[in-house]
Amino acid sequence: MLEELSLGFPPIHLSNTNMSSNLLLFRSAIRPLISSIKLQHISIPTRVRASSHHLGRCVSSNAAAAAAAAVIVSKDESYGNKQIISLTPQLYNYLLANVREPEILRKLREETATMQGSQMQVSPDQAQLLAMLVQILGAQRCIEVGVYTGYSSLAIALVLPETGCLVACERDGNSLGIAKKYYRQAGVSHKVDVRHALAVDTLKDLILNGEACSYDFAFVDAEKKMYSEYYELLLQLVRVGGVIVIDNVLWHGKVSDPLVNDPKTTSIRNFNRSIMEDKRVSISMVPIGDGMTICRKL
């Protein structure tokens, strides 16, 4: 505890853990004292003035510390001590407040949030990026591997032209039922070709149907140990200049920890290494959500 202040008024108990609250308490406590000064012409003891100054400095220090926590610097000096943003909860809330989320997507997100496994849903900032990539490409034909309740597929379908098509691959019928409900409510059911089956089987069927090199965009957010197989099949289906986006490539930060070697982490780590070396694509790993790698077919 900090020192206890008493000047003929009830003592103020100050805490080291909440300086903003301390400052409010202090101001409240000295207000009657200021009135007394005006009437009696007495001066505030140096000890009180010093404590007030100390509280102000603590509040400023806390704000500076919070700002510093949002910035990291690589330990490798060859990167020139470049400061990089690291999302704190406060900063991420600010980012989400600047996402243009359509009302229908908000409703779907909130319904999904009540379900078990809701963490599988992509974040609004991720969905916004996916939709923008589709628009930049001028995509007409898209594939999604792993639909869950449909947040990302709905974001994509909303920006596809009326003649566009999204092949949505999902094996879970219950979550797919929710996705279909929102496709109907958004008026995009005619753009979404729902495939209730194993994604590998669906992708192989598309290839056998002569649809190789006919898709503009693909998004993968499904079984992590299958990433390499999904990727190879999608490379056959996506045209030159088309884009494949892979989700969860940072896997809650586990991929960078050499002590973590469970099957899913190892699989994602190996997949990341393989596409890093793959000369068939240009790539950009983006630290959004749980990490996304954007691959452009060369």
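When reading the values below, keep in mind they use all heavy atoms of this one structure, side chains included, and skip hydrogens, waters and symmetry mates.
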Please check: side-chain N/O of [X] versus main-chain N/O of [Y], any donor-acceptor pairing under 3.5 Å?
X	Y	answer
Ser189	Arg184	yes
Tyr148	Glu170	no
Arg269	Val255	yes
Lys224	Ile268	no
Asn98	Tyr94	yes
Thr293	Ile246	no
Lys279	Glu277	no
Lys82	Ser74	no
Ser256	Gly253	yes
Gln121	Ser118	no

Indicate yes or no: at least one non-hydrogen side-chain atom of [X] is less than 4.5 angstrom from one of [Y].
X	Y	answer
Met285	Leu250	yes
Val220	Tyr227	yes
Val245	Phe217	yes
Leu298	Arg280	no
Trp251	Asn272	no
Val134	Asp216	no
Val238	Val243	no
Arg195	Leu206	yes

Is there a side-chain contact (heavy atoms from CB on, under 4.5 Å) between Tyr231 and Cys295 once you walk through the steps?
-> CA-CA 10 Å; Tyr231 175 73; Cys295 310; 4.2 Å; yes
How far apart are the closest heavy atoms of [X] and [Y], and which atoms are they?
X	Y	result
Ile72	Ser86	CG2-CB, 3.8 Å
Ile283	Ile275	CD1-O, 3.9 Å
Ala222	Gly146	CB-CA, 4.0 Å
Ala199	Cys169	CB-CB, 4.0 Å
Ser267	Lys225	OG-CA, 3.3 Å
Glu101	Pro124	OE2-CG, 3.8 Å

To the closest 0.5 Å, what do you measure between [atom1] ([X]) and [atom2] ([Y])?
X	Y	atom1	atom2	value
His252	Asp257	NE2	CG	13.5 Å
Ile244	Phe219	CD1	CZ	12.5 Å
Gln128	Ile288	CD	CD1	8.0 Å
Leu198	Lys204	CG	NZ	10.0 Å
Glu232	Leu203	CD	CG	12.0 Å
Glu162	Gln140	CD	CD	11.0 Å

When clusters are formed by joining ILVMFWY residues with side-chain heavy atoms under 4.5 Å apart, either directly or through shared neighbours, do [X] and [Y] land in the same one?
X	Y	result
Met276	Tyr230	yes
Ile178	Leu166	yes
Val99	Leu91	yes
Val167	Val159	no
Met132	Leu137	no

Intermediate values then yes/no, side-chain contact (heavy atoms from CB on, under 4.5 Å), Leu105 and Leu158 | CA-CA 10 Å; Leu105 282 177; Leu158 285 170; 4.2 Å; yes
Any ion pair linking Lys107 and Glu111 (charged N to carboxylate O, less than 4.0 Å)?
-> no
Could you tell me whether Lys264 and Asp262 make a salt bridge, using a distance below 4.0 angstrom between a side-chain N and a carboxylate O?
-> no
For a quick check under 3.5 Å, do [X] and [Y] share a side-chain donor-acceptor pair by atom type?
X	Y	value
Glu211	Ser214	no
Glu144	Ser152	yes
Lys180	Tyr183	no
Arg273	Asn270	yes
Tyr92	Asp125	yes
Asp76	Ser78	yes

Give a yes or no on this: more than 12 heavy atoms of other residues, nucleotides or ligands lie within 6.0 Å of atom [atom1] of [X].
X	atom1	result
Met115	CE	yes
Glu77	CD	no
Gln83	CD	no
Gln116	CD	no
Arg100	CZ	no

Could you give me the CA-CA distance, side-chain angles and deciding distance for Val192 and Ser153, then say whether side-chain contact (heavy atoms from CB on, under 4.5 Å) is met?
-> CA-CA 8 Å; Val192 185; Ser153 56; 5.7 Å; no
Walk me through it: do Thr112 and Tyr182 pass the test side-chain contact (heavy atoms from CB on, under 4.5 Å)?
-> CA-CA 11 Å; Thr112 304; Tyr182 280 91; over 6 Å; no
